[in-house]
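To start, the structure under review is shown below, and the notes come after it.
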Amino acid sequence: MIRLFDPGEETDRPAPDLRAPAPDGRAPAPEGGTSAPDAGTPADSGAPAPPRPTPARGTDRLDEQVYLFDDPTVLAVNVALASGRPLLVLGPPGSGKSALAPNVARLMRFRYYAEVVTARTEPHDLLWREEAFRQLNDATQGTLQDPGSRAYFRPGPLWKALDPAMDEEGAPALRDRPAVVLIDEIDKADPDVPDALLDPLNNLRFVGPDRRTVTAAGDTGAPLVVITSNEERELSAAFLRRCILLRLRPPGREHLLKVARLHMGDAYDEALTQELADLFESESMGARPAASTAEFLDTLRACRQLELTAESPEWRAVAGLAMVKASPDQVSAV
């Protein structure tokens with residue numbers, strides 16, 4: 001199978017052909033055959049390849065520089081890239097949903113934008129935000145500019161992804177590259193928010209300030225939109241049908257050990273990590289909510305920072321506070 005995204009290669013690579021879909025929503029027909037870009041061919045941007053991440057030193061947080069990609073995740077990313085559909089990542093908090101998008105962007109040398117959704121997020125906030133106070137002040141001072149002036153709105157992550165010219169702070173070396181957009185915790189928003197994204201994501205265009213139609217820049221590929229959900233609120237059937245679905249499962253013992261090796265680098269302690277992984281696995285079978293990968297890593301970092309080993313009796317108390325989330329009485333009894 002041809003891969004548009006291969007986490008095993010951190011070399012410079014050309015952007016995959018992700019042109020905007022036709023007005024009827026169908027993907028464009030490939031030009032010149034069906035061959036995919038060669039993942040080993042240098043990109044034409046002239047920028048050097050990104051440096052490999054430095055190994056973690058105990059408490060360093062490199063979540064946006066290291067990520068353990070399993071086969072289902074790689075397949076889901078490739079299907080989303082090939083189809084032009086958003087990738088909806090489901091899973092419990094701390095399972096690595098939010099870290100997926102920046103790592104895909106890093107490895108593919110794509111531009112990267114992120115927006116954390118809240119209960120106050122409006123549908124157009126992901127496209128642009130109005131500078132109402134500035135407009136009111138200019139009107140009061142008699143210096144009001146033309147309607148739709150750039151002074152009265154700020155482009156949101158999706159607008160910047162569609163048109164790099166709207167990103168005044170972006171890296172020049174990545175200006176011609178496609179983008180990865182992370183829309184984090186979509187289920188915290190009003191149900192109207194994800195449904196309002198269907199048309200912009202499907203047609204790569206939307207009605208912007210002053211009722212102007214904004215379309216994707218012709219020389220920039222379609223963005224990869226990664227949307228995460230903790231499944232705290234049900235998403236509409238129409239929205240789910242539009243997305244490529246990736247569900248992150250609770251981690252097993254071997255997965256935790258691999259993640260720990262990747263994140264801890266030279267500070268990796270085999271014996272301590274195995275003890276914590278055994279505790280994680282046993283506690284996950286209990287009645288309390290299962291711990292997350294993030295809590296496992298935080299516990300391991302805390303133990304290393306406190307210079308605890310598998311022989312130190314205190315590591316269980318640390319795990320009770322950071323991973324198992326036991327009560328104070330339970331921690332003192334560990």
Side-chain angles (χ1 to χ4, degrees), residues 7 53 56 58-74 76-77 87-104 114 116-118 182-188 226-235 245-265 267-270 272-306 308 310 315-328 330-331 334:
T59 58
D60 290 349
R61 290 187 176 276
L62 299 176
D63 294 339
E64 294 188 5
Q65 299 181 37
V66 291
Y67 193 88
L68 182 59
F69 287 93
D70 57 17
D71 290 341
T73 300
V74 173
V77 172
L87 177 61
L88 177 60
V89 186
L90 307 175
S95 58
K97 302 185 300 298
S98 302
L100 173 61
N103 277 282
V104 172
V116 179
V117 175
T118 70
L182 171 63
I183 302 176
D184 209 10
E185 301 187 4
I186 192 69
D187 48 346
K188 289 188 176 180
V226 179
I227 304 170
T228 72
S229 169
N230 294 330
E231 300 186 86
E232 296 177 355
R233 177 182 293 172
E234 186 175 355
L235 300 171
L245 210 62
L246 171 64
R247 188 179 299 277
L248 299 182
R249 302 295 179 183
R253 185 177 185 278
E254 291 305 314
H255 180 84
L256 290 174
L257 296 178
K258 292 178 181 178
V259 168
R261 291 190 192 98
L262 191 62
H263 279 257
M264 300 303 293
Y268 179 72
D269 184 326
E270 180 80 26
L272 177 61
T273 305
Q274 288 189 359
E275 291 282 6
L276 284 173
D278 290 340
L279 179 61
F280 182 100
E281 194 171 49
S282 64
E283 290 295 331
S284 294
M285 297 178 183
R288 64 172 60 91
S292 68
T293 304
E295 290 169 313
F296 172 80
L297 288 172
D298 285 345
T299 304
L300 190 56
R301 290 179 179 119
C303 287
R304 296 301 297 149
Q305 183 71 3
L306 296 171
L308 301 179
W315 74 260
R316 289 185 176 274
V318 173
L321 291 169
M323 187 174 71
V324 180
K325 305 296 175 67
S327 67
Q330 290 173 311
V331 170
V334 185

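Just so you know, these numbers come straight off a predicted model, no measurement behind them.
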Would you say Arg304's side chain and Ala267's backbone share a donor-acceptor pair under 3.5 angstrom?
yes
Reported CG-to-OG1 distance for the pair Leu248 and Thr73, which is rounded to 0.5 angstrom:
5.5 Å
Side-chain (Ser229) to main-chain (Glu185) donor-acceptor, under 3.5 angstrom:
no
Between Pro93 and Ser292, which heavy-atom pair has the shortest distance, and what is it?
O-CB, 3.2 Å
Would you give the length of the straight line joining atom CG of Asp187 to atom CD of Glu231, rounded to the nearest 0.5 angstrom?
8.0 Å
Backbone of Ser98 reached by a side-chain donor or acceptor of Asp184 within 3.5 Å:
no
Looking only at heavy atoms, the pair that brings Trp315 and Cys303 closest together is CB-SG, 4.0 Å
Can you give me the closest heavy-atom contact between Pro92 and Ser95, atom names plus distance?
O-OG, 2.7 Å
Residue pair Val116 / Lys188, side-chain heavy-atom distance below 4.5 Å:
no
So, taking the atom named CG in Leu272 and the one named CG in Leu308, what distance separates them when rounded to the nearest 0.5 Å?
7.5 Å
Please answer whether the main-chain N or O of Gly96 pairs with a side-chain N or O of Tyr67 as donor and acceptor at a distance below 3.5 Å.
yes
For Leu246 and Pro72, the nearest pair of non-hydrogen atoms, with its separation, is CD1-O, 4.0 Å
Does Leu297 reach the side chain of Arg301, with side-chain heavy atoms less than 4.5 Å apart?
yes
Taking the side chain as every heavy atom from C-beta outward, state whether Asp298 and Met323 have any atom pair closer than 4.5 Å.
no
Kindly give the heavy-atom pair with the smallest separation between Phe69 and Pro7, and that separation in Å.
CD1-CB, 3.5 Å
Does the side chain of Phe296 reach to within under 4.5 Å of the side chain of Pro251, using non-hydrogen atoms?
no
State the OG1-CG distance between Thr299 and Leu321, to the nearest 0.5 angstrom.
9.0 Å
Please report the interatomic distance CZ(Arg316) to CG(Leu276), rounded to the nearest 0.5 Å.
9.0 Å
If you take all heavy atoms of Ala277 and Arg253, which pair is closest and at what distance?
CB-CG, 3.9 Å
Might you confirm whether atom CD of Glu232 has over 12 heavy atoms from other residues, nucleotides or ligands at distances under 6.0 Å?
yes
Roughly how far, to the nearest 0.5 Å, is the CG atom of Leu256 from the CZ atom of Arg261?
11.0 Å
